[in-house]
Amino acid sequence: MSLSISKVKSGLFSLLIGISAQAYADEKCDVELGHGLIITDSVIRILDNGQTRVQINNDNQLLVRGRWVKLDEQETQVLHEYAKGIRDTVPELVNLATDGVNLGLSAIEQVVEGMSDNNPEVLKTQLQYVERALMDKFKRGEDFYFIAPQSLSKIDDFFTKEISGKIHSAVHGSLGAILVSVGDAFKSREGNIESRFSDMGQRMEIISKEIDKSLQQKAYQLEEKANEYCECLNSLDDTEKRLQDIVPSLAAFDLVQIRS
């Protein structure tokens, strides 16, 4: 029995390592987003403490603190380049971040369902905490993308520490509930506890291997994009400076901040 439990724990550990592996993306890209962003098909909003301070409509109309800023044709072209740079970079970051974690959360649910006939309530509660932490940083809907102000060079800390820690709590709490459930089944002679533990270990091993493959591929994709992000964000920073020269009031809401 102890050997089966060991297999289960080993599988859980492999799963958690796989999930945290996606964090390789922005390892040397020392860039910070100084403000939050909401992006839709027609509008870009730059947020300060949850309030819209800069708004770009249809990539060619600028409002700062709710006031329309008149731009000539050449200045509007700079605004268009700035908006395009945001659209070319941020949605993909949000997609990659949320896809990786959602894959991990879905995998955990599959593993737990494979262990027990019942899905422990503690799992649902803990995964809600994971999702909430994720949505505080990255969020997407049918018609929008959101990214919070943050250091893009420390996204790995967010995934490997905060998200990973919450996933640890979810999985360990669920495993405890499952063991209790299995023990109860044994007491009521609904099943053989040793065969149940063996089945749990086998299912965990098979599923976690498949999860690891998927997450390692995701980590590789993120790693490949890292340099591209740096180049795009550096270019976006240059465009932002040009736009700030045109509209000095934008300097108060500096979005892209290169630290290196």
Given 3.5 Å as the limit, does a donor-acceptor pair link the side chain of D237 with the main chain of L233, or not? no
- After noting the C-alpha distance and the side-chain angles of K137 and Q150, does the key distance pass the side chain to side chain contact (heavy atoms under 4.5 Å, CB included) rule? CA-CA 8 Å; K137 293 278 190 178; Q150 59 190 291; 3.9 Å; yes
Check your understanding: Can you check whether D72's main-chain N or O pairs, donor with acceptor, with T76's side chain at less than 3.5 Å?
Key -> yes
When rounded to the nearest 0.5 Å, the distance separating CG of L243 from NE2 of H80 is 13.0 Å
task = Spell out, yes or no, whether V43 and V94 are grouped together once hydrophobic residues are joined by side-chain heavy atoms under 4.5 Å, including indirect joins.
result = no
Smallest heavy-atom separation, I246 atom then P248 atom, equals O-CD, 3.4 Å
Side chain to side chain donor-acceptor pair (under 3.5 Å) pairs touching residues 242-253, sequence neighbours excluded, are E81-R242, Q244-D254
Within-4.5 Å side-chain heavy-atom neighbours: I86 and L255:
yes
Would you call L250 and L62 a side-chain contact if the rule is heavy atoms closer than 4.5 Å? yes
So CG of L33 and CG of L236: to nearest 0.5 Å the spacing works out to 8.5 Å
task = Ignoring hydrogens and angles, tell me if any N or O in the side chain of E240 forms a donor-acceptor pair with the backbone of D238 under 3.5 Å.
result = no
So the side chain to side chain donor-acceptor pair (under 3.5 Å) pairs with at least one residue in residues 35-53 (sequence neighbours excluded) are R45-Q55
Point to revise | Non-hydrogen side-chain atoms of P91 and I39 separated by less than 4.5 Å | key: yes
Problem set entry | same_hphob_cluster(L93, I38) at 4.5 Å side-chain heavy-atom cutoff | no
Checking side chain to side chain contact (heavy atoms under 4.5 Å, CB included) for the pair L37/L47: CA distance, chi angles, key distance, verdict? CA-CA 6 Å; L37 273 173; L47 311 176; over 6 Å; no
What one should report as the nearest heavy-atom pair of Y82 and I56 is CD2-CD1, 3.9 Å
Value for CE (M135) from CZ (F146), rounded to nearest 0.5 Å, stands at 11.0 Å
When rounded to the nearest 0.5 Å, the distance separating CG of D30 from SG of C230 is 9.0 Å
task: Examine V247 and V54 and state if one hydrophobic cluster contains both, with Ile, Leu, Val, Met, Phe, Trp and Tyr joined whenever side-chain heavy atoms are less than 4.5 Å apart.
output: yes
So side chain to side chain donor-acceptor pair (under 3.5 Å) across residues 58-69, not counting sequence neighbours, yields N57-Q61, D59-R87
- Look at the side-chain heavy atoms of Ile, Leu, Val, Met, Phe, Trp and Tyr, link any pair under 4.5 Å apart, and say whether V31 and F253 land in one connected group. yes
- request: Check whether L79 and V64 end up in the same hydrophobic cluster, where Ile, Leu, Val, Met, Phe, Trp and Tyr are linked by side-chain heavy atoms less than 4.5 Å apart.
  value: yes
